[in-house]
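Please read these numbers as outputs of a predicted model, since none were measured by experiment. Lettering follows sequence order; numbering is per chain, from 1. Side chains included, hydrogens not; waters and symmetry mates left out as well; all remaining heavy atoms used.
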Amino acid sequence: ALAGPALAQATKDTLIVDLPGDVATMDPHVQWDTESYSVYRNIFDNLVTRDTAGKIVPQVATAWRYTDPTTIVFDLRTDITFSDGSKLTPADVVFSIKRITNPAFRSPQLSQFDQIIAADVTGPAQVTLRTKSPYPVLLAQLVKLSIVPQAVVEKLGDQAFNQQVLGSGPYVLKSWQRGVASTLEANPGYWRGATPFKTVTFRAVPDIATRIADVRTGRADITRGLSPDDTAPLKNERNLQVLSVATERVTHLFLNPAIGPTRDKRVRQAIAHAIDRDAIIAALMLGFPKRADVMLTEAAFGWVGDVPFWPYDPARAKALVKEAGAEGAEIPFLTSPAYDRRVNEAVQQMLGEVGLKVSFVMVDQPTFLRRRQGTPEEALNMAQGRWSCACQDADGVIFPLFRTGSQWAKFSNAEFDTAVDAARVTLDEKERLTHYRRAFTILRDEVAAVPLFQDAAIYLARRELKWTPTPNEAFFVFDMKWVP
Amino acid sequence: MIRLLAGRLLQAAVASFGVLTIVFFVMRLSGDPTLLLVPEGASAEQVAQLRAALGFDRPLVVQYAAYLGDLLRLDLGESLVQRAPVAGIVGERIPYTLALAGGALLVALGIGIPAGILMAVHRGGLLERALAALVLAGQSLPTFWSGILLILFFGVYLGWLPTSGADSPASLIMPAIALGALTMSTFARMARISVLDELSRDYVTAARARGLSVWAAVSRHVLRNAAIPVVTIAALEIGNLLAGAVIVETVFAWPGIGQLAIQSIQARDFLVVQTVVLFVSSVYIAMNLLADLAYAAIDPRIRGRS
Amino acid sequence: MTAPVLEVTDLAVHFPGRTGAPVRAVDGVSFAVAPGETLGLVGESGCGKSTVSNAVVGLVPPTRGSLRVMGTEMAGATRATKHEIRARVQMVFQDPVTSLNPRMSVGAAVGEPLLVRGLASGAALRARVDELLEEVGLRPEHAQRYPHQFSGGQRQRIVIARALALRPDLLVCDEPVSALDVSVRAQILNLLVELQQRRGMASLFVSHDLAVVRHVCDRVAVMYLGRLVELAPRDALFAAPRHPYTRALLAAVPEPDPVAQRAKPRVPLAGEIPSPSNPPPGCTFHTRCPFATERCRQEVPSLRPLGESMVACHHAETLA
Amino acid sequence: MTTEPALIVENLSLALGRANLVDGVGFSVAPGEVLALVGESGCGKSVTAQAIMRLLAPVIRQTGGRVLLAGQDITALPERAMRALRGQAMSMIFQEPQAALDPLATVGTHIAEALRRPLRDVRDQVLQMLAEVGISDPARRIDQYPFELSGGMCQRVMIACALISRPAVLLADEPTTALDVTIQAQILDLLRRLAAERRTAVVLITHDMGVVADIADRVAVMYAGRIAETGPTAQIFARPRHPYTSLLLASIPRLTDAPKSALAVIEGRVPTPAEFGPGCRFASRCPLADDTCRAATPPLRDMGDGRLSACFHAEQLP
Amino acid sequence: MRGVSPGMALILLLLVAFIVAALAAPWIAPFDPLRQSLLMRLRPPGTTVAAGMYLLGTDDLGRDLLSRVLHGARASIAVAALSVSISLAFGTLLGLLAGWFRGWVAIAIMRSVDTMLSIPAILLAVLTVAVLGPSFLNLILVLGLTRWPRYTRVAYAQTLQVATLPYIRAAEMAGAGSARILWRHILPNIAGPLMVVATSEFGLMILFEAGLSFLGLGIQPPYPSWGSIMSVGRQYVERAWWLTVFPGACLFVLVLCVNLFGDWLRDRVDPRSQGR
Ligand SMILES: Nc1ncnc2c1ncn2[C@@H]1O[C@H](COP(=O)(O)OP(=O)(O)OP(=O)(O)O)[C@@H](O)[C@H]1O
Ligand SMILES: Nc1ncnc2c1ncn2[C@@H]1O[C@H](COP(=O)(O)OP(=O)(O)OP(=O)(O)O)[C@@H](O)[C@H]1O
Ligand SMILES: [Mg+2]
Ligand SMILES: [Mg+2]
């Protein structure tokens with residue numbers, strides 16, 4: 001019963017993936033947590049997708065054009081069949097959009113698509129979407145929209161469909177043992193060509209140490225979720241490789257300008273000066289992540305490279321704290337087990353050195369989210385964040401985080417609001433970029449947050465597996481190869 | 001006996017109801033899962049809309065009544081997160097949980113009871129001390145640590161046992177040992193105490209005066225008498241083995257209900273948590289009933305009382 | 001004669017039985033104890049002696065019947081009255097080991113009744129405790145010690161001192177010497193007799209040892225399976241036992257004198273004592289009685305006077 | 001008596017740590033004879049019996065003396081051989097009959113165990129034995145559990161267990177203390193009859209002088225781990241040759257005494273093994289004690305009339 | 001019975017040593033347990049720097065492990081001691097009441113014991129921490145309030161037993177009220193078995209806190225407890241063995257000592273195991 005390394009030779013039929021958890025739903029229109037996403041996106045095709053460079057490229061749609069700022073027309077492929085043999089038609093695309101945007105369906109992803117107010121079949125291979133207002137992020141959102149077969153869903157009903165999903169993607173769901181593993185089999189007639197592995201098994205292994213042990217013993221071929229420290233003892237293992245990629249997440253410190261000592265801009269500035277981001281990256285993160293100066297990564301649209309953040313300058317920080325009369329001020333820091341403890345502790349020490357006393361308030365993740373989105377008092381003065389909109393666009397990041405009136409924003413700045421509002425309603429990329437540069441400058445000057453670094457996603461794989469991970473943490477088995 | 005059982009069942013029903021009520025309200029106090037279900041950028045209206053659609057905007061008492069109503073109709077509901085019937089979600093985990101609990105119990109009983117008996121019979125001797133150290137060692141290491149040491153040693157370095165998962169009988173060995181170790185000490189101590197207790201009784205001396213050897217007296221007379229407290233403990237421990245195995249299940253990626261419960265608590269998947277707790281408390285109660293039956297099987301005094 | 005200290009009329013105590021049928025531990029017992037008098041209560045194990053004494057001191061509620069202490073009816077008395085009466089009736093238990101709280105000093109134990117009833121405290125309490133200890137033949141410095149530092153006989157003295165603290169009118173002694181060593185028994189019996197005489201205190205003395213009962217009691221009541229079978233002045237009872245059970249009991253007591261003992265007539269009783277939850281009909285003794293007739297199997301004999309004695313046997317006259 | 005004694009105990013000494021629990025105890029019993037071993041609680045009666053059976057608690061060591069069973073020295077016998085003797089050549093019955101029976105085993109199982117055979121093979125023999133010890137309806141009782149029997153019946157079952165293999169020696173450790181007087185009389189009668197009929201040598205341990213008077217042929221009075229005096233029953237009662245015996249007899253209320261008269265009292269208490277000094281162990285409570293008594297251990301001396309007494313002043317006693 | 005064997009003496013000595021080390025941690029710890037030095041991460045035992053020697057090495061933020069283990073003893077022992085005290089007090093009180101008053105009081109109390117016992121302690125703890133948040137105080141409350149049924153059961157059974165003893169009846173006859181009887185007469189006499197439960201629970205609580213630390217719900221950073229040091233160190237089992245081995249050894253030895261102490265105590269207080 002041992003899947004020893006010996007078996008891993010020659011042709012590789014089965015790829016075994018260790019994920020930290022099981023798929024929550026196979027139905028791509030329901031949950032979109034990383035685990036579910038990693039699995040079901042191998043079963044479905046999307047209207048558009050991203051290439052390894054991050055560019056939005058055709059998938060089911062071959063081409064698209066705006067007929068006016070709120071109307072976009074997609075031309076579709078006609079050679080795609082679902083794995084049950086039926087054809088993927090424009091009606092399926094429209095059905096998928098209407099399904100996920102139907103409030104009665106209660107899709108957790110609804111808010112990503114609720115700008116779409118109409119979807120119609122406008123030709124034998126054409127669909128047309130209309131949005132409420134000009135919506136520049138539409139394509140980026142559609143990257144995440146999987147196309148489901150209307151006939152099957154309607155026949156089975158939502159609940160049964162979730163159990164036995166069926167799509168047009170490279171793999172077909174073969175079995176799903178809840179909480180244990182799900183197994184996919186190659187879709188023989190896949191339109192993009194032959195799949196690299198006959199079978200792919202995704203196993204749920206919550207503990208990272210166990211996942212690493214699995215890959216070391218060949219029980220699994222790849223796993224994700226390593227921290228930089230985990231990689232150190234693996235360096236010398238000849239059978240293994242560590243893969244890493246900078247993701248679209250920025251690990252940052254949220255500062256609450258609405259309450260307490262952080263109401264004073266000088267204190268916020270002092271915090272910015274007090275944190276030695278390079279030391280954290282080099283010593284704690286072993287150089288895996290890249291430093292971030294703005295609240296966005298290069299992987300996303302809207303990123304600007306010319307708004308440098310405040311430099312590490314503890315002396316200046318001390319002076320600012322003194323100036324603000326905040327020496328010894330207590331700074332409550334909201335956190336949950338989901339956030340890197342070591343970064344928090346390092347920050348605590350660094351702020352301690354300039355005279356600010358950080359005290360942690362640890363809550364569990366649901367409570368963290370509730371408080372972080374609650375009143376400024378509930379959100380406390382500081383918190384770590386690792387934001388991802390999975391849309392790779394500034395609008396999905398700084399708008400909800402800082403725009404007045406957003407649940408998350410405790411920051412309010414009219415000029416900033418104007419900039420992000422404007423960037424939201426134009427399709428002109430140059431113009432949007434200008435607005436975002438303005439917005440980032442305001443965020444920097446007001447120190448609404450301290451961007452720390454661009455997160456790295458670290459994978460451990462058997463040496464033979466060839467694959468380039470992408471910033472959006474997608475997990476397309478189709479893009480992998482086994483080279484013994 | 002029948003009256004006793006009926007009485008126990010009634011008490012059990014009350015206890016289950018208590019468990020459900022506690023868990024229902026504690027869970028609700030911890031906040032609802034709406035925010036976990038929406039993308040990070042969702043607006044306040046979108047959140048409120050989903051909350052209303054899920055029914056979490058109703059007063060708690062109304063939600064509680066609705067839940068009890070469903071329960072009476074034997075409807076355990078649908079998981080918010082997985083969009084699947086809770087009965088199925090929990091049900092699929094139960095075989096694994098039972099396998100793990102059974103394996104752990106086997107380890108615990110198989111090692112703990114003989115060790116306890118040996119310790120009692122060799123009281124004060126070197127063997128007792130050696131066994132005591134072994135038994136207590138099982139209870140003095142955090143599972144999350146001993147678990148990873150087991151994995152590294154038997155899984156990675158020796159390559160004897162699978163490092164994770166639940167796909168072969170071999171996968172069960174390490175988790176069962178890690179989980180059983182804790183319970184093993186409980187059983188060993190209990191067995192030691194009750195055997196010691198029995199050994200000091202006159203009937204043992206009397207049996208030896210009839211020419212029985214110590215071991216004959218132990219096997220023919222003492223063990224049955226010492227069994228009752230051990231049965232009681234076994235019944236109590238099984239509940240803990242079922243859903244208390246959270247850490248072992250996490251470390252060994254064992255898909256039991258303990259892990260499910262923790263994940264569901266963290267996801268505020270109320271109905272799943274409630275169902276797990278309902279299941280565990282039913283098993284606990286069933287075990288206690290079984291223990292009562294076992295007493296009767298062991299002890300003619302109880303049998304005679306019917 | 002003055003009013004009795006204790007008057008028990010038709011007392012019954014039933015316990016809920018495991019099998020459903022109640023345990024008729026005491027079933028219709030009547031007797032009285034006069035001031036200064038010691039009434040002995042004898043009978044075999046399980047016949048209800050302890051239950052009677054527990055009912056008398058209020059530790060078990062009677063199922064039926066009346067209990068008058070110093071003329072006050074206990075049934076339906078107010079809490080305050082009961083509290084008051086309880087002080088008048090105190091008890092000495094069989095086992096001196098379990099009669100004393102092992103974690104409480106002797107002084108605290110003896111002084112407790114006075115302390116909790118607010119009768120003495122501080123130095124007065126200590127003085128009173130010393131007095132009580134001396135009265136039972138212990139030394140005042142013993143007050144600081146704990147029960148385990150005393151021998152069985154000394155512990156029983158402590159128990160007696162505690163019972164005397166409230167100057168009771170009636171002392172109930174439930175087998176006060178049967179747990180003690182032979183050589184120590186004499187000390188306690190002497191003490192009890194001395195206290196009776198010195199204080200003129202009435203007592204109810206429970207024992208299964210007829211020689212002991214004869215030694216300390218003025219009158220003796222014999223119980224069998226929850227009922228009184230004979231109630232007689234001491235000398236009458238020992239000289240001329242009226243009930244066949246009393247006779248058998250007297251015959252069964254081995255006398256510490258080989259000559260007398262071996263010469264004694266043997267009245268062998270066959271069989272075992274029946275269970276109080278399922279007493280035989282008629283005279284409860286008929287299953288073991290060598291003289292039982294058909295009448296005994298059907299008709300319950302009532303306690304009736306015969307000479308100086310009261311006896312519950314249909315054939316008492318013919319046996320005499 | 002001319003027959004060879006069935007059991008001889010010579011100079012038996014037992015120790016717990018440094019304390020001497022039993023010190024040079026010796027006695028013998030002839031077949032068919034009942035020897036009563038009397039003494040107060042804690043004086044070492046039970047440990048003596050346990051030492052004879054070699055069933056001492058591990059903490060107690062035998063420090064001297066020997067035990068002869070039908071002339072054979074069993075002191076150094078290996079455990080296996082000893083096991084063969086227990087229940088066969090010598091048996092034992094206990095004070096609490098209910099406690100000495102395994103609550104979960106039936107009457108028949110217990111008795112068959114003494115025969116070392118499964119019950120079904122020896123059922124008839126067991127039934128016969130039950131009838132012999134006076135249990136009515138043995139066919140029903142044989143499959144009952146101890147809790148279904150009264151104390152007297154349990155003691156009969158114990159006796160049946162002890163006697164079914166026709167042992168030469170029966171050690172009875174306070175067999176009637178827990179029973180009612182009427183039941184006690186039945187059990188004593190039974191023992192007397194069995195001793196006479198089967199020629200069993202009985203060592204009866206008791207603290208009740210009444211029981212001794214009733215059944216014993218000879219008496220050994222123990223005090224604090226030593227024999228104070230031994231001799232034929234009638235003589236010991238008629239004229240004790242040790243102050244302890246005489247005080248003991250005087251302290252017991254009798255049906256012939258004047259009621260409410262003062263009983264003789266033995267002051268003080270039995271010394272614990274830790275308190276044993278060099279002299280006579282009764283010296284601290286003895287009205288006759290002098291410095292000799294406190295300094296030296298009085299040896300057991302032959303008083304002529306078949307009696308031994310361990311008192312320097314034996315002759316001074318009336 | 002007063003004698004303490006040399007083995008037991010050693011155990012008692014170790015226990016005292018642990019307690020002293022925990023109490024004196026601020027004075028005997030060579031470094032500030034919270035002081036990080038990112039450049040000195042994961043240094044092996046014996047590493048020397050200008051400020052002194054990292055006798056047991058450093059942790060993943062470059063903090064001195066010895067100092068953290070010493071301070072961790074404080075947290076671990078304090079959590080165990082306080083939570084045991086709370087559940088002991090609460091559970092005993094309920095057990096006393098149930099055993100003394102019997103009737104519906106006992107039914108109500110013992111049914112809630114059943115209820116509590118049938119929810120696995122760890123789930124209840126996680127649930128409660130989810131509501132209250134994992135602060136030190138809440139941790140103690142959670143542990144204290146989930147573990148009381150064990151004491152209640154023992155206290156109840158013991159009270160039922162003791163309540164029938166003559167000295168309790170004597171106290172009743174003396175006129176003592178329920179409160180006095182429970183406090184002066186029953187409690188001192190059932191304390192032994194309760195202490196036995198408390199010792200075994202003490203060991204369990206230390207492990208329980210460690211387990212909760214593993215789930216991220218134990219003592220919160222940056223403050224150390226043995227459990228939290230170990231659950232962090234677990235990630236470095238191969239690379240920095242000292243992070244788990246030293247606190248693990250401390251935990252092991254302490255729990256072992258406490259358990260042995262408990263067994264010894266049990267053999268002493270259990271009247272049945274005292275030779276008759
Ligand atoms: N609390 C009780 N519940 C049920 N039955 C009881 C209770 N107390 C006593 N009995 C039963 O009542 C009967 C009389 O008991 P009691 O203790 O009065 O007898 P006794 O004459 O004192 O016996 P002994 O000589 O053994 O002390 C016995 O059969 C006993 O089992
Ligand atoms: N297992 C044991 N461990 C320690 N001491 C013991 C043990 N058994 C007996 N002793 C001690 O040995 C002494 C003699 O005990 P033994 O049981 O022989 O007394 P006994 O004469 O049979 O008394 P009783 O009449 O109470 O049965 C006592 O001091 C007792 O405490
Ligand atoms: Mg009684
Ligand atoms: Mg004895």
Side-chain angles (χ1 to χ4, degrees), chain A residues 1-4 18 21-25 27 30-33 103-104 106 108-112 114 158-159 162-163 177-181 203-207 209-211 213-214 216-217 219-220 337 364-367 369-370 373 387-391 395-397 399-401 405-408, chain B residues 30-44 46-47 49-50 53-54 78-85 88-89 92-93 96 144 147-148 151-152 155-156 159-171 249-257 259-260 263 265-268:
Chain A
L2 270 179
D18 268 12
D22 183 32
V23 181
T25 58
D27 187 332
V30 189
Q31 297 300 339
W32 64 302
D33 58 283
R106 293 185 287 127
Q109 303 176 58
L110 174 62
S111 64
Q112 297 174 328
D114 63 356
D158 291 335
Q159 213 175 60
N162 183 22
Q163 298 295 315
Q177 274 180 285
R178 256 173 217 284
V180 187
R203 306 169 69 238
V205 182
D207 188 27
T210 313
R211 294 203 297 279
D214 281 349
R216 284 168 78 180
T217 55
R219 197 168 171 74
D364 74 344
Q365 187 63 11
T367 315
L369 293 180
R370 183 163 50 76
Q373 296 179 63
W387 192 269
S388 162
C389 64
C391 60
D395 180 66
V397 179
F399 188 91
L401 276 178
S406 150
Q407 304 242 85
W408 297 83
Chain B
S30 68
D32 69 48
T34 320
L35 285 174
L36 291 166
L37 295 173
V38 296
E40 296 195 313
S43 67
Q46 288 165 335
V47 171
Q49 197 184 347
L50 182 61
L54 296 173
E78 188 187 85
S79 154
L80 292 174
V81 178
Q82 303 193 22
R83 293 280 178 99
I89 294 175
E92 281 168 37
R93 302 286 187 118
Y96 295 102
F144 62 84
I148 194 67
I151 290 178
L152 286 176
V156 176
W160 289 354
L161 293 170
T163 40
S164 72
D167 41 42
S168 70
S171 318
E249 286 175 8
T250 304
V251 170
F252 292 96
W254 190 269
I257 53 171
Q259 223 195 104
L260 177 69
Q263 286 162 355
I265 289 174
Q266 271 155 11
R268 300 291 188 270

| request: I would like to know whether B/Ser164 and A/Arg203 meet side chain to side chain contact (heavy atoms under 4.5 Å, CB included); could you show each step before the answer? | output: CA-CA 10 Å; B/Ser164 72; A/Arg203 306 169 69 238; 2.9 Å; yes
| request: Could you tell me whether the side chain of A/Trp387 and the main chain of A/Gly396 form a donor-acceptor pair under 3.5 Å? | output: yes
| message | Looking at B/Ile265, is its backbone amide N or carbonyl O close enough to the side chain of B/Arg268 to form a donor-acceptor pair, meaning the two atoms are under 3.5 Å apart? | response | yes
| remark: B/Arg93 meets the side chain to side chain donor-acceptor pair (under 3.5 Å) criterion, sequence neighbours left out, with none
| What part of A/Val205 is in contact with chain B, defined as an atom under 4.5 angstrom from a non-hydrogen atom: side chain, backbone, both or neither? | both
| note | The interface call for A/Gln109 against chain B, heavy-atom contacts under 4.5 Å, is backbone
| Those residues that, when tested against A/Arg178, pass salt bridge (charged side-chain N to carboxylate O under 4.0 Å, His left out) (two or more places apart) | B/Glu92
| note | Honestly, the part of A/Asp22 sitting under 4.5 Å from a heavy atom of chain B is neither
| Where on B/Ile148 is there a heavy atom nearer than 4.5 Å to chain A: the side chain, the backbone, both, or neither? | side chain
| task | Take A/Thr210 and B/Phe252, measure what side chain to side chain contact (heavy atoms under 4.5 Å, CB included) needs, and give me the verdict at the end. | result | CA-CA 7 Å; A/Thr210 313; B/Phe252 292 96; 5.8 Å; no
| field | Toward chain A, the part of B/Leu260 with a non-hydrogen atom under 4.5 Å | value | neither
| Contact winner vs chain A - B/Leu152, B/Val47, B/Leu50, B/Thr250, heavy-atom pairs under 4.5 Å | B/Thr250
| request: I would like to know whether B/Asp167 and A/Arg219 meet side chain to side chain contact (heavy atoms under 4.5 Å, CB included); could you show each step before the answer? | output: CA-CA 11 Å; B/Asp167 41 42; A/Arg219 197 168 171 74; 2.8 Å; yes
| request: Would you mind telling me which of A/Ala181, A/Ser388, A/Ala104, A/Gly405 has the largest number of heavy-atom pairs within less than 4.5 Å of chain B? | output: A/Ser388
| query | Quick one: are A/Val30 and A/Asn162 in side-chain contact, heavy atoms under 4.5 Å? | reply | no
| field | Region of B/Ser171 in contact with chain A, defined by heavy-atom distances below 4.5 Å | value | side chain
| query | Can you find a side-chain donor-acceptor pair between B/Thr34 and B/Asp32 that sits under 3.5 Å? | reply | yes
| query | Where on A/Arg370 is there a heavy atom nearer than 4.5 Å to chain B: the side chain, the backbone, both, or neither? | reply | both
| request: Measure distances from B/Tyr96 to the heavy atoms of chain A and classify the residue's part below 4.5 Å as side chain, backbone, both or neither. | output: side chain
| task | Please report the shortest heavy-atom distance between A/Ala213 and B/Thr163, naming the atom on each side. | result | CB-CG2, 3.9 Å
| Segment of A/Asp214 engaging chain B (4.5 angstrom heavy-atom cut-off) | both
| Do you know which of B/Gln263, B/Arg83, B/Gln46 has the most heavy-atom pairs under 4.5 Å to chain A? | B/Arg83
| query | In terms of heavy-atom pairs under 4.5 Å with chain A, which of B/Pro33, B/Ala253, B/Gly256 leads? | reply | B/Ala253
| message | Report which part of A/Ala24 has an atom under 4.5 Å of a heavy atom belonging to chain B: side chain, backbone, both, or neither. | response | both
| said: Report which part of A/Pro400 has an atom under 4.5 Å of a heavy atom belonging to chain B: side chain, backbone, both, or neither. | reply: side chain
| field | Per-residue contact mode, B/Pro85 against chain A (heavy atom under 4.5 angstrom) | value | both
| field | Test item: A/Gln112 and A/Cys391 side chains (from C-beta on) under 4.5 Å apart, heavy atoms | value | no
| said: Is A/Thr367 in contact with chain B via its backbone, its side chain, both, or neither, using a 4.5 Å heavy-atom distance? | reply: both
| field | Contacting region of A/Trp32 [heavy-atom separation from chain B under 4.5 Å] | value | side chain
